[in-house]
Structure formats: C-alpha cells, structure tokens
Amino acid sequence: MKILIQNASYIAFNGENIQSDILIENGIITKIDKKIEADVDRKVDAAGLLVSPGFVDLHVHLREPGGEKKETIETGTLAAAKGGFTTIAAMPNTRPVPDTKEQLEWLGQRIQETASVRVLPYASITTRQLGKELTDFAGLKEAGAFAFTDDGVGVQSAEMMLRAMRKAAGVNMAIVAHCEEDTLINKGCVHEGTFSENHGLNGIPSVCESVQIARDVLLAEASGCHYHVCHISTKESVRVVRDAKRAGIHVTAEVTPHHLLLSEDDIPSLDANYKMNPPLRAAADRGALIEGLLDGTIDFIATDHAPHTAAEKSEGMELAPFGIVGLETAFPLLYTHLVMKNIITLEQLIEFLTRKPADAFGLPYGKIDIGAQADIVLLNLKEERSINPEEFLSKGKNTPFAGWTCKGWPEMTIVAGQIVWKKGVVTA
C-alpha cells in the first residue's frame, strides 16, 4: 500500500520544525520532500496537525491469556493505536506465563492474529514468576522474547538475579525488573506517608523499591548485563540509578505518566483508581522524577497500562488490585501538564515516547526518516476535550484522570504503512 502524507509538520531530532510531504511504500518511508507527486492508494492531508513517529511503550499489560475479562490483545492494541502507540511490549504476568518456548510461540501467533499494533512479548525470568527456577533464556529468545522480566514480582534472591543477569548477558538480552523487596512491603496499599497516616492504611515505604534497585545495579555491574528498572517512583531510586550510570553500569529506567503528574497529595479519597504499584509517592519524589527525566537519569516514559474490571476496582483501596490504564491518555496528559506548563519541551516529550525507548533497547523504531518503518501518529495539539473512560477502547476504565481536560489528541495512527486507527472509527 502506498500512502502520501501531505503538508506534514514534524520535529526533527535537532529541534527543527520540518514542513514536507512523506511518501510511504510497502510499510517504509521512501521519500521526504517539500512536494511529492506520486500515484498512491491514499492521500492524507496533515495540515494543522503535528506528525510524530509512532509512540513506543515498553511496559503494557494485555492480560491475555487468562485475564480476558480485564483486557485482550485485540482490545489492548486498539487502545494503543488510539493513543498513538505503534509498538508496545507486553508483560508476562498472564496465566499461563510465557515461560516456555511453546507458550511464547502460542502468544506470538495470537499477537499475529489479533493485534492492531506491533507487540513485543516479554518472557519471564523464572518459571511461573515464582523466583525459584530460571527459564530457558536461549530458547525463549529464539521463540521471539523481547527481554526477560518477572514484572509484578520482584526477584527476591540476589543469587537468582545474578544468575539471571549472567544468562541474559550471554544471549545479549536485557533483564527488566519490577523492584520490590517483599520483606518491606508492609502489606501496604498506598505510599507510606501522609495519606496512609491520615487514613489508617498500611503504607509501602520508598526503601522497598530503592533497596532492590541498589542491589541490582551492582549485580548488573558484576554480570555485564543490561538492567532496566520499571516504573521508577522514589527520589532514592533516582539517586541510585544516577550514581550507577556515573559508574558506567549499563542501567536504564522508565517512569510513568501518573508518577510524573500525581503525588499522594492528589489522592482525593479512598478511590482505588488511585491505587497502583508502585504507589503515588510524596511531592518530593515527583519532583525528583521530573528532574531525573530531564537530566537523563530516567531514559523514557512508559504507561504501565494495567486494566482491571470495575468490580475489582470497586473493592476499595485495601482490597482492589493495583494498577490503572494509560495508553489512551498518555500523550494528551503529558502534553497538557508538562509541555504546556513549560516543564519539558514538545521535542523532549516526543523523544521520551519514541526515540529514547527505542534506542534504550536497540529497536529500529521511533523515527521519521527515509528507510525507516512507517510508524506515524498524527496529533491535533489544538483539540481540547475531557477524558471520558466510557469512550476508551480498552476494556479497562480504571483511571484517576477521568474528567481532566487535555489538549493534544491523536487523529490517526499508522503502523508499518497501514492505517490502524483514525478518529471517529476503529480502523480505516
């Protein structure tokens, strides 16, 4: 299929605003020029819109298999497309877990059959994510694993994590870690701070996260492994990663939109739509996360899209599961509350959602260039509307941002030269 995007305006990596046409042929960008004349299957007029590389989200929960009441590969990837994401990485806390070559091959086939965007499947570090036995890293890589993680569960044994990192380094793959020391969780449901004290709730202390990151960066140094920290949330964690990078350790880190925009001070009540893991921390932690993102300590933004049913979230702050959805709201929230408030630039936001996650894992995505994959999102920076969970394509409606008014909404999403979503319809 040939697509010509006319009157495109996009930001180059040097910060220059480029005005041009973009020709897409067989899924590849083949020409970028001021004016292109070509016989094509479809022309798209991008006048008045910002053309961006498709967003890359390396932390998404699609729930399939085993959690189809919450989300499926089909609904989750439609939500991704609507949010402007063209490449996502699916976490392995499903049932069954993708911990064998056969299960990962099944998952790959299911993705091929039902996904609207590119899905990179994680495989688990340990069998059934139990932390007791390492999986077959080489076999899982051969079956299509993107990286290895037991996300949702911190690997508790330092000896097990060191062996995992050595095996991962041996097959040139990354270890991606949800960092949580079980002995410090304290049966908590929110951050250990003002909110937990005021409501008589058990809190999860900041050190629960940071102490495991501190352990792991030293193990990464010893093993030579690429170690990636999921959803970093505390000022101490930022300090540990910053020091590790200065020491030359191969560590990368991500931060979520909700940790950049909210703190425990913003939780209005015992509403479980504000319950996530890691929890919303103190205002000082939020400030450290923004600082860490700007100085390069934190490499990129990932949503940690975690859909749950309304019934589950209605169980209250103590009993409801952790997690919120984020694919369909990430860009407008970040554009409105970071870019428009002059905390970061538009160029920086796009890089945090495209080139930087791709570069951190050596992926050939996240750029607009001749010869690049034609993964593109068209953004309307002027459109302003409120977040309405009932309009989500995700099965999950669990968001603390319902009713927030935002600017910067996607109009069309193209994956490998195919229009997979446009405003007003599910697919083109």
In Å, rounded to the nearest 0.5 Å, how long is the span from NE2 of H259 to OG of S233?
5.0 Å

If you measure from the Lys or Arg side-chain nitrogens to the Asp or Glu carboxylate oxygens, is any gap between E64 and R110 under 4.0 Å?
yes

How about Y274 and H258: are their ring centroids closer than 6.0 Å?
no

Quick check, are the ring centers of H231 and H59 under 6.0 angstrom apart?
yes

K313 bridged to D271 by N-O distance under 4.0 Å
no

Non-hydrogen atoms of S124 and D99 that approach each other most closely:
OG-CB, 3.2 Å

K101 and E142 ion-paired at < 4.0 Å:
yes

Ring-ring centroid check F195 H199, cutoff 6.0 Å:
yes

R215, CZ: over 12 other non-hydrogen atoms inside 6.0 angstrom:
yes

Looking only at heavy atoms, the pair that brings V176 and C230 closest together is CG1-SG, 3.4 Å

So, R286 and D265, do they make that salt bridge, N to O below 4.0 Å?
no

salt_bridge(K235, E291) N-O dist < 4.0 Å
no

Decide, yes or no, whether a salt bridge links K367 with D359 under the criterion of side-chain N to carboxylate O below 4.0 Å.
no

Would you list the atom pairs, donor with acceptor, under 3.5 Å between side chains in residues 157-168 and any protein atom, with sequence neighbours excluded?
from: S157; atom 1: OG; to: E159; atom 2: N; distance (Å): 3.3
from: S157; atom 1: OG; to: M160; atom 2: N; distance (Å): 3.0
from: E159; atom 1: OE2; to: R163; atom 2: NE; distance (Å): 2.8
from: K167; atom 1: NZ; to: T135; atom 2: O; distance (Å): 2.8

Classify the side-chain pair S116/E74 by whether it contains a donor and acceptor separated by less than 3.5 Å.
no

Just wondering, more than 12 heavy atoms not from N198 lying within 6.0 Å of its CG?
yes

E318, CD: over 12 other non-hydrogen atoms inside 6.0 angstrom
no

Between F85 and H305, does the ring centroid distance fall short of 6.0 Å?
no

Going by atom type alone, with no hydrogens or angles, which donor-acceptor pairs under 3.5 Å involve a side-chain atom of residues 89-97 and a protein atom two or more places apart or on another chain?
from: N93; atom 1: OD1; to: H61; atom 2: ND1; distance (Å): 3.0
from: T94; atom 1: OG1; to: P96; atom 2: O; distance (Å): 2.9

Whether the T303 and D57 side chains hold a donor-acceptor pair (N or O, under 3.5 Å, no angle test) is what I'd like checked.
yes

Going by atom types alone, do D216 and Y227 pair a side-chain donor with an acceptor below 3.5 Å?
yes

Under-4.0 Å salt bridge between E328 and K82
yes

Just wondering, are more than 12 heavy atoms of other shown residues or ligands nearer than 6.0 Å to CD in Q112?
no

Any Lys/Arg nitrogen of E383 or R385 sitting under 4.0 Å from an Asp/Glu carboxylate oxygen of the other?
yes

Does the side chain of S206 pick up a donor-acceptor pair with the side chain of E192 at under 3.5 Å?
no

Centroid-centroid distance, F148 to Y122, less than 6.0 Å:
no

